[in-house]
Amino acid sequence: NPNSRCNPNSRCNPNSRCNPNSRCNPNSRCNNLDKEESRAAALMKCHTLQSKVLYKESRQLAKTRDTLAFALAQNGDHQYAAHYCKLSCESVEATMGGTSIELGRELHKLALLLFQSGQHIKARATASRALSILSIYLSPEHVDCQDLIQLLDVCAQGVCDPIGKR
(Lines give C-alpha, C1' and ligand atoms only; values in the text may rest on other atoms or scores of the structure.)
Protein backbone atom coordinates (compact mmCIF):
# COMPACT_ATOMS: atom_id res chain seq x y z
CA ASN A 1 0.00 0.00 0.00
CA PRO A 2 1.70 3.26 -1.10
CA ASN A 3 0.10 5.23 1.73
CA SER A 4 0.96 2.79 4.48
CA ARG A 5 3.28 3.79 7.29
CA CYS A 6 6.74 2.35 7.42
CA ASN A 7 7.32 -0.51 9.78
CA PRO A 8 10.98 -1.47 10.13
CA ASN A 9 9.95 -4.84 11.58
CA SER A 10 7.75 -5.80 8.64
CA ARG A 11 8.85 -7.58 5.51
CA CYS A 12 10.09 -5.46 2.64
CA ASN A 13 7.38 -4.29 0.29
CA PRO A 14 8.54 -3.06 -3.14
CA ASN A 15 5.29 -1.07 -3.50
CA SER A 16 5.74 0.86 -0.26
CA ARG A 17 6.24 4.62 -0.57
CA CYS A 18 9.21 4.22 1.75
CA ASN A 19 10.99 1.56 -0.21
CA PRO A 20 11.86 2.68 -3.73
CA ASN A 21 13.94 -0.48 -4.16
CA SER A 22 12.84 -3.94 -3.30
CA ARG A 23 15.50 -4.28 -0.58
CA CYS A 24 15.39 -2.78 2.90
CA ASN A 25 18.54 -1.28 4.33
CA PRO A 26 19.40 0.96 7.30
CA ASN A 27 19.85 3.98 5.01
CA SER A 28 16.54 3.59 3.20
CA ARG A 29 14.09 6.50 3.04
CA CYS A 30 11.77 4.47 5.27
CA ASN A 31 14.23 4.34 8.13
CA ASN A 32 15.17 8.00 7.66
CA LEU A 33 11.49 8.99 7.89
CA ASP A 34 11.13 6.98 11.06
CA LYS A 35 14.18 8.73 12.53
CA GLU A 36 12.88 12.18 11.60
CA GLU A 37 9.43 11.42 13.01
CA SER A 38 10.89 10.03 16.23
CA ARG A 39 13.15 13.09 16.51
CA ALA A 40 10.13 15.37 16.23
CA ALA A 41 8.24 13.24 18.77
CA ALA A 42 11.17 13.40 21.21
CA LEU A 43 11.40 17.17 20.78
CA MET A 44 7.66 17.45 21.35
CA LYS A 45 8.02 15.61 24.66
CA CYS A 46 10.97 17.81 25.57
CA HIS A 47 8.94 20.92 24.77
CA THR A 48 6.02 19.70 26.86
CA LEU A 49 8.26 19.10 29.87
CA GLN A 50 10.18 22.35 29.46
CA SER A 51 7.04 24.43 29.10
CA LYS A 52 5.88 23.10 32.47
CA VAL A 53 9.04 24.08 34.34
CA LEU A 54 10.66 26.93 32.43
CA TYR A 55 9.59 30.53 32.13
CA LYS A 56 7.60 30.98 28.90
CA GLU A 57 10.24 33.32 27.47
CA SER A 58 13.22 31.17 28.45
CA ARG A 59 16.02 31.06 25.88
CA GLN A 60 16.26 27.28 26.28
CA LEU A 61 12.54 26.88 25.62
CA ALA A 62 12.86 29.17 22.58
CA LYS A 63 15.73 27.03 21.28
CA THR A 64 13.67 23.86 21.75
CA ARG A 65 10.76 25.46 19.89
CA ASP A 66 13.07 26.51 17.07
CA THR A 67 14.55 23.01 16.81
CA LEU A 68 11.09 21.45 16.96
CA ALA A 69 9.90 23.76 14.18
CA PHE A 70 12.86 22.67 12.07
CA ALA A 71 12.14 18.99 12.67
CA LEU A 72 8.46 19.43 11.83
CA ALA A 73 9.35 21.34 8.66
CA GLN A 74 11.66 18.49 7.63
CA ASN A 75 8.70 16.16 8.03
CA GLY A 76 6.66 18.44 5.75
CA ASP A 77 4.36 19.76 8.48
CA HIS A 78 4.91 23.45 7.72
CA GLN A 79 1.78 24.73 9.43
CA TYR A 80 2.63 23.08 12.75
CA ALA A 81 6.26 24.13 12.31
CA ALA A 82 5.10 27.73 11.83
CA HIS A 83 3.19 27.52 15.12
CA TYR A 84 6.33 26.60 17.06
CA CYS A 85 8.46 29.08 15.14
CA LYS A 86 5.98 31.83 16.07
CA LEU A 87 6.27 30.86 19.74
CA SER A 88 10.05 31.00 19.39
CA CYS A 89 9.75 34.48 17.83
CA GLU A 90 7.68 35.67 20.78
CA SER A 91 10.33 34.45 23.22
CA VAL A 92 13.17 36.00 21.22
CA GLU A 93 11.33 39.31 21.00
CA ALA A 94 10.73 39.35 24.75
CA THR A 95 14.33 38.51 25.64
CA MET A 96 16.34 40.15 22.85
CA GLY A 97 14.10 43.06 21.83
CA GLY A 98 11.76 43.94 19.01
CA THR A 99 14.52 45.10 16.67
CA SER A 100 17.22 42.53 17.41
CA ILE A 101 18.92 40.68 14.58
CA GLU A 102 17.96 37.43 16.32
CA LEU A 103 14.29 38.35 15.99
CA GLY A 104 14.82 39.30 12.35
CA ARG A 105 16.30 35.87 11.63
CA GLU A 106 13.48 34.08 13.46
CA LEU A 107 10.88 36.12 11.58
CA HIS A 108 12.63 35.21 8.33
CA LYS A 109 12.21 31.52 9.14
CA LEU A 110 8.59 32.11 10.17
CA ALA A 111 7.81 33.93 6.91
CA LEU A 112 9.12 30.99 4.89
CA LEU A 113 7.14 28.47 6.95
CA LEU A 114 3.96 30.53 6.64
CA PHE A 115 4.44 30.77 2.90
CA GLN A 116 5.06 27.03 2.58
CA SER A 117 1.94 26.30 4.62
CA GLY A 118 -0.18 28.47 2.32
CA GLN A 119 -0.65 31.37 4.76
CA HIS A 120 0.52 33.91 2.21
CA ILE A 121 -0.93 37.08 3.74
CA LYS A 122 0.72 36.33 7.08
CA ALA A 123 3.91 35.36 5.25
CA ARG A 124 4.00 38.70 3.42
CA ALA A 125 3.46 40.73 6.62
CA THR A 126 6.06 38.66 8.50
CA ALA A 127 8.59 38.92 5.65
CA SER A 128 8.12 42.68 5.56
CA ARG A 129 8.75 42.96 9.29
CA ALA A 130 11.77 40.64 9.09
CA LEU A 131 13.25 42.66 6.24
CA SER A 132 12.78 45.94 8.10
CA ILE A 133 14.65 44.51 11.10
CA LEU A 134 17.40 42.76 9.15
CA SER A 135 17.98 45.89 7.04
CA ILE A 136 19.24 47.60 10.20
CA TYR A 137 22.11 45.10 10.48
CA LEU A 138 22.64 43.67 6.99
CA SER A 139 23.19 45.13 3.54
CA PRO A 140 20.42 44.78 0.95
CA GLU A 141 22.71 42.37 -0.92
CA HIS A 142 22.90 39.93 2.02
CA VAL A 143 21.40 36.55 1.20
CA ASP A 144 18.76 36.83 3.96
CA CYS A 145 17.59 40.23 2.71
CA GLN A 146 17.58 39.00 -0.88
CA ASP A 147 15.53 35.96 0.13
CA LEU A 148 12.94 38.15 1.85
CA ILE A 149 12.83 40.60 -1.08
CA GLN A 150 12.25 37.68 -3.42
CA LEU A 151 9.43 36.37 -1.20
CA LEU A 152 7.82 39.82 -1.16
CA ASP A 153 8.21 40.05 -4.96
CA VAL A 154 6.51 36.68 -5.43
CA CYS A 155 3.60 37.92 -3.34
CA ALA A 156 3.47 41.22 -5.24
CA GLN A 157 3.29 39.37 -8.57
CA GLY A 158 0.00 37.81 -7.53
CA VAL A 159 1.29 34.34 -6.68
CA CYS A 160 -0.09 34.98 -3.22
CA ASP A 161 -3.84 35.12 -3.58
CA PRO A 162 -5.11 37.52 -0.87
CA ILE A 163 -8.67 36.25 -1.18
CA GLY A 164 -8.10 32.53 -0.72
CA LYS A 165 -5.26 32.62 1.79
CA ARG A 166 -5.09 33.56 5.46
**Q** Nearest heavy-atom pair of Lys56 and Ser91: which atoms, and what distance?
**A**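 Looks like O-OG, 3.2 Å.
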
**Q** State the CD-CD1 distance between Glu141 and Ile149, to the nearest 0.5 angstrom.
**A**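 Those atoms lie 8.5 Å apart.
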
**Q** Over 60° means perpendicular and under 30° means parallel, so classify the ring planes of His83 and Tyr80, tilted if in between.
**A**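 Correct class here is parallel.
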
**Q** Do Ser88 and Glu106 meet the criterion of a side-chain donor-acceptor pair at a distance under 3.5 Å?
**A**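 The criterion, which ignores hydrogens and geometry beyond distance, is satisfied for Glu106 and Ser88.
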
**Q** Do you know which of Thr126, Leu131, Leu148, Leu134 makes side chain to side chain contact (heavy atoms under 4.5 Å, CB included) with Leu107?
**A**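 When Thr126, Leu131, Leu148, Leu134 are each tested with Leu107, the side chain to side chain contact (heavy atoms under 4.5 Å, CB included) holds only for Thr126.
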
**Q** Taking the six-membered ring for Trp and the single ring otherwise, decide whether the centroids of His47 and Tyr84 are under 6.0 Å apart.
**A**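 That pair passes the under 6.0 Å test.
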
**Q** Atom CZ in Arg105, atom CD1 in Ile133: separation rounded to 0.5 Å?
**A**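 Reported to 0.5 Å precision, the distance equals 12.0 Å.
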
**Q** When clusters are formed by joining ILVMFWY residues with side-chain heavy atoms under 4.5 Å apart, either directly or through shared neighbours, do Tyr137 and Leu103 land in the same one?
**A**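 Tyr137 clusters together with Leu103.
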
**Q** Check Cys85 against Ala69 and note the closest heavy-atom contact, atom names and distance.
**A**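 Reported closest heavy-atom pair: N-CB, 3.8 Å.
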
**Q** Under a 3.5 Å distance rule, please check whether Ser135 uses its side chain to pair with a backbone N or O of Ser132 as donor and acceptor.
**A**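 No, Ser135 side chain to Ser132 backbone: no donor-acceptor pair under 3.5 Å.
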
**Q** Between Gln119 and Ser117, do the side chains contain an N or O donor and an N or O acceptor separated by less than 3.5 Å?
**A**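 The criterion, which ignores hydrogens and geometry beyond distance, is satisfied for Ser117 and Gln119.
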
**Q** Could you tell me which non-hydrogen atom of His108 sits nearest to which non-hydrogen atom of Asp147, and how far apart they are?
**A**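 Closest approach of His108 to Asp147, heavy atoms only: NE2-OD2, 2.7 Å.
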
**Q** Any link between Val53 and Tyr55 through a network of hydrophobic side chains (Ile, Leu, Val, Met, Phe, Trp, Tyr) touching at under 4.5 Å?
**A**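 No.
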
**Q** Give the minimum heavy-atom separation between Ala81 and Ala73, together with the two atoms involved.
**A**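 That closest heavy-atom pairing would be CB-N, 3.7 Å.
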
**Q** So, Thr64 versus Gln50: side-chain donor-acceptor pair below 3.5 Å or not?
**A**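 Judged by distance alone, the side chains do pair up.
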
**Q** Same cluster or not: are Val154 and Leu112 linked, directly or through other Ile, Leu, Val, Met, Phe, Trp or Tyr residues, by side-chain heavy atoms under 4.5 angstrom apart?
**A**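 Per the 4.5 Å side-chain linkage, Val154 and Leu112 are co-clustered.
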
**Q** When rounded to the nearest 0.5 angstrom, what distance separates CZ in Phe115 from CZ in Arg124?
**A**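 It comes to 10.5 Å.
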
**Q** How long is the span from the SG atom in Cys155 to the CD atom in Gln150, to the nearest 0.5 Å?
**A**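 Reported value, rounded in 0.5 Å steps: 11.0 Å.
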
**Q** Taking the side chain as everything from C-beta on, heavy atoms only, tell me whether Arg65 gets closer than 4.5 Å to Phe70.
**A**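 They are not in side-chain contact.
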
**Q** Decide salt bridge (charged side-chain N to carboxylate O under 4.0 Å, His left out) for Arg129 and Glu93; before the verdict, give the C-alpha distance in whole Å, the side-chain angles of both, and the deciding distance to 0.1 Å.
**A** CA-CA 13 Å; Arg129 183 172 178 213; Glu93 185 170 12; 2.8 Å; yes

**Q** Which value, rounded to the nearest 0.5 Å, describes the distance between Leu61 atom CG and Asp66 atom CG?
**A**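 One gets 11.5 Å once the value is rounded to the nearest 0.5 Å.
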
**Q** For a 4.5 angstrom cut-off between non-hydrogen side-chain atoms, does Gln146 reach Leu151?
**A**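 Not in contact.
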
**Q** With side chains defined as the heavy atoms from C-beta onward, is the minimum distance between Leu138 and Ile101 less than 4.5 Å?
**A**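 They are in contact (side-chain heavy atoms under 4.5 Å apart), so the answer is yes.
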
**Q** Honestly curious: do Ile136 and Leu152 fall in one hydrophobic cluster under the side-chain, below-4.5 Å linking rule?
**A**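 Same cluster: Ile136 reaches Leu152 through Ile, Leu, Val, Met, Phe, Trp or Tyr contacts under 4.5 Å.
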
**Q** For a quick test of reading the model, state the closest non-hydrogen atom pair linking Gln60 to Leu54 and the distance between them.
**A**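 Taking every non-hydrogen atom into account, CB-CD1, 4.2 Å.
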
**Q** Could you check whether any side-chain heavy atom of Met96 comes within less than 4.5 Å of a side-chain heavy atom of Arg59, counting everything from C-beta outward?
**A**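 In short, these two side chains touch, coming nearer than 4.5 Å.
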
**Q** Kindly give the heavy-atom pair with the smallest separation between Ala123 and Ala111, and that separation in Å.
**A**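 Looking at all heavy atoms of both residues, the shortest contact is CB-O, 3.5 Å.
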
**Q** When you compare the side chain of Gln116 with that of Leu113, does any pair of heavy atoms fall below 4.5 Å?
**A**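 Counting from C-beta outward, Leu113 and Gln116 do come under 4.5 Å.
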
**Q** Hey, any chance Leu110 and Leu87 share a hydrophobic cluster, counting ILVMFWY side chains that come within less than 4.5 Å of each other, even indirectly?
**A**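 No, it is not one cluster - the side chains of Leu110 and Leu87 are not joined through contacts under 4.5 Å.
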
